[in-house]
Visitor: 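One structure, pasted below without further comment.
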Amino acid sequence: MATTVNSTLRLASGYEIPRLGFGVYKTPPEVTERCCREALEADYRHIDSAAAYKNEAGCGSAIHASGIPRDQIFFTSKVINISYDEARATVDTSLALTKLEYIDLMLLHKPMGGSENRKGAWKALVEAVEAGKVRSIGVSNYGVHHLEELQQHIRELEAERGGKGRGGILSVNQVELHPWLARKDIVEWCTSKGVALQAYSPIVRGARFEEPSLQRLAKKYNKTPAQILIRWSLDKGFIPLPKSVTPERIVANADVFDFKLSPEELRDLETEEYSPCAWDPTVRKLDE
């Protein structure tokens with residue numbers, strides 16, 4: 001059981017990632033710095049952004065202003081335009097916007113663009129790691145077929161670039177995960193390969209708070225439905241990325257380390273539904 005807001009998990013890359021992250025998806029640029037500073041003051045040590053969010057600069061400003069040593073804060077960004085040249089450029093732009101010396105985790109944001117472009121974008125991330133610009137790399141919204149293709153790309157890059165390890169290390173797959181979208185196939189694949197799973201939309205954007213099973217657990221543990229869902233994600237072994245612009249909720253979403261759901265409660269809360277509340281590129285075909 002994770003015992004604090006910044007308990008960590010060791011990635012395949014060898015670096016540690018905090019078990020709870022603070023998401024800034026759709027957080028307006030003008031309030032991003034304030035929200036991130038409040039999250040850091042509430043002891044979060046993990047901020048998840050992306051080039052597509054247009055708010056990386058505010059994340060960087062909050063990190064610099066916090067006074068917290070850089071090596072104690074984990075920052076993630078993502079490449080939205082999938083090609084070798086675009087991925088290289090995005091890494092450099094993210095570094096410039098945040099004014100950080102390195103990015104802890106860089107992800108390919110989506111599995112679209114075609115096989116050649118996906119391989120090229122991954123190669124660019126591998127080179128960014130080798131150049132010291134990025135520490136760990138991974139993907140977002142990848143289904144099992146995309147992950148298996150990436151494995152093949154890694155093998156090809158190893159052969160092309162000089163051997164074992166030169167094709168990069170897949171550390172993370174970030175997907176929408178919650179009891180109404182448990183993604184057993186993706187979870188099984190990633191778990192078997194030592195790939196960490198980050199859960200975005202872990203509280204389902206508040207859309208399922210009135211579910212009876214969730215309400216029962218909230219009453220039992222004297223917690224909010226959001227806190228129960230974040231705890232579900234933690235107890236499943238995921239890295240949840242709740243977001244909020246409300247100071248009280250930012251604090252409350254981190255107050256989930258004084259209880260634990262039982263295996264039975266985890267099973268009872270999980271459903272067989274396939275109900276995304278966000279986009280779902282995991283089902284896209286390889287030629288898209």
Side-chain angles (χ1 to χ4, degrees), residues 1-24 36 39-40 43-51 56 59-60 62-64 66 68-79 87-88 90-92 94-95 97-109 121-140 142 147 150-151 153-154 157-158 161 164-175 177 187 189-200 233-234 236-241 254 257:
M1 174 182 178
T3 56
T4 70
V5 69
N6 53 6
S7 293
T8 62
L9 175 73
R10 183 175 292 274
L11 297 174
S13 64
Y15 288 99
E16 299 284 334
I17 184 171
R19 288 291 317 280
L20 179 69
F22 180 69
V24 294
C36 288
L40 293 170
D43 290 335
Y44 292 81
R45 293 295 181 266
H46 176 181
I47 296 172
D48 181 87
S49 185
E56 293 170 288
C59 298
I63 291 169
H64 292 296
S66 70
I68 299 167
R70 173 67 185 92
D71 63 0
Q72 294 180 22
I73 299 177
F74 194 100
F75 178 71
T76 299
S77 193
K78 309 177 192 75
V79 174
R88 285 192 65 182
T90 299
V91 170
D92 289 339
S94 295
L95 288 169
L97 287 170
T98 58
K99 297 181 173 61
L100 298 174
E101 294 181 356
Y102 61 88
I103 296 168
D104 292 277
L105 176 65
M106 201 76 180
L107 307 177
L108 301 183
H109 206 154
W122 180 259
K123 179 182 177 183
L125 295 192
V126 175
E127 291 175 351
V129 172
E130 294 171 346
K133 298 177 179 180
V134 174
R135 288 191 165 181
S136 301
I137 56 178
V139 295
S140 182
Y142 270 46
L147 293 164
L150 177 56
Q151 273 199 321
H153 288 162
I154 290 172
L157 288 169
E158 286 180 336
R161 302 184 72 243
K164 187 72 172 175
R166 297 300 305 279
I169 298 171
L170 174 60
S171 287
V172 166
N173 186 20
Q174 181 183 126
V175 293
L177 280 170
V187 170
W189 193 97
C190 290
T191 301
S192 70
K193 304 293 191 298
V195 177
L197 281 155
Q198 290 183 316
Y200 71 77
S233 196
L234 289 165
K236 290 284 287 186
F238 308 148
I239 301 166
L241 305 169
F257 294 92

Visitor: So, using side-chain contact (heavy atoms from CB on, under 4.5 Å) as the criterion, who are the partners of Ala131 when residues are at least two apart?
Guide: Lys133

Visitor: Say whether, by atom type as modelled, one donor and one acceptor occur between the side chain of Arg19 and the main chain of Leu234 under 3.5 angstrom.
Guide: yes

Visitor: Under the side-chain hydrogen bond (donor to acceptor under 3.5 Å, both in side chains) rule, collect the residues that match up with Thr98, sequence neighbours excluded.
Guide: none

Visitor: Please examine the side chains of Leu177 and Val187, heavy atoms only from C-beta on, and report whether any two atoms are closer than 4.5 Å.
Guide: yes

Visitor: So how far is it from Leu105 CG to Lys78 NZ, rounded to the nearest 0.5 Å?
Guide: 8.5 Å

Visitor: Please tell me if the side chains of Leu11 and Arg135 come closer than 4.5 Å, counting only heavy atoms from C-beta onward.
Guide: no

Visitor: Can you find a heavy atom in the side chain of Tyr15 that is under 4.5 Å from one in the side chain of Asp104?
Guide: no

Visitor: Using the side-chain contact (heavy atoms from CB on, under 4.5 Å) criterion, which residues pair with Lys99? Sequence neighbours excluded.
Guide: His64

Visitor: Does the Gln198 side chain pair with the main chain of Ile239, one donor and one acceptor, at a distance under 3.5 Å?
Guide: no

Visitor: Less than 4.5 Å apart, any side-chain heavy atom of Gln174 and any of Asp48?
Guide: yes

Visitor: Quick one: list whatever passes side-chain hydrogen bond (donor to acceptor under 3.5 Å, both in side chains) with Glu16, sequence neighbours left out.
Guide: Thr8, Arg10

Visitor: Let me confirm one number: the CD1-CG distance from Ile154 to Leu170, rounded to the nearest 0.5 Å.
Guide: 5.5 Å

Visitor: Who passes ring pair (Phe, Tyr, Trp, His ring centres under 6.0 Å) against Phe74, sequence neighbours left out?
Guide: His46

Visitor: State, yes or no, whether a side-chain contact exists between Asp71 and Tyr102 at a heavy-atom distance under 4.5 Å.
Guide: yes

Visitor: Say you draw a straight line from CG of Leu157 to CH2 of Trp122; how long is it, rounded to the nearest 0.5 Å?
Guide: 9.5 Å

Visitor: Pick from Val139, Ile169, Asn173, Leu147: which one makes a side-chain contact (heavy atoms from CB on, under 4.5 Å) with Val195?
Guide: Asn173

Visitor: Return the set of residues passing side-chain hydrogen bond (donor to acceptor under 3.5 Å, both in side chains) with Lys123 (not counting sequence neighbours), or none when no residue passes.
Guide: none

Visitor: Return the set of residues passing side-chain hydrogen bond (donor to acceptor under 3.5 Å, both in side chains) with Ser171 (not counting sequence neighbours), or none when no residue passes.
Guide: none

Visitor: In chain order, what residues pass the side-chain contact (heavy atoms from CB on, under 4.5 Å) check against Glu130, with sequence neighbours excluded?
Guide: Val126, Glu127, Arg161, Arg166

Visitor: Could you list the residues that satisfy ring pair (Phe, Tyr, Trp, His ring centres under 6.0 Å) with Phe75, not counting sequence neighbours?
Guide: none

Visitor: Identify the two heavy atoms, one from Ile47 and one from Cys59, that lie closest to each other, and give their separation to 0.1 Å.
Guide: CG2-SG, 3.9 Å

Visitor: Quick check on Arg88: does its CZ atom have over 12 non-hydrogen neighbours (other residues, nucleotides or ligands) under 6.0 Å away?
Guide: no

Visitor: When rounded to the nearest 0.5 angstrom, what is the spacing between CG in Leu9 and CG in Leu20?
Guide: 13.0 Å

Visitor: For residues Leu125 and Val134, determine if any side-chain heavy atom of one lies less than 4.5 Å from a side-chain heavy atom of the other.
Guide: no

Visitor: For the residue pair Cys36 and Val24, establish whether any side-chain heavy-atom pair is separated by less than 4.5 Å.
Guide: yes

Visitor: On a heavy-atom basis, which atom in Pro18 and which in Arg45 lie closest, and how many Å separate them?
Guide: CG-O, 3.6 Å

Visitor: What residues form a side-chain contact (heavy atoms from CB on, under 4.5 Å) with Thr90, not counting sequence neighbours?
Guide: Ala51, Val79, Ser94, Met106

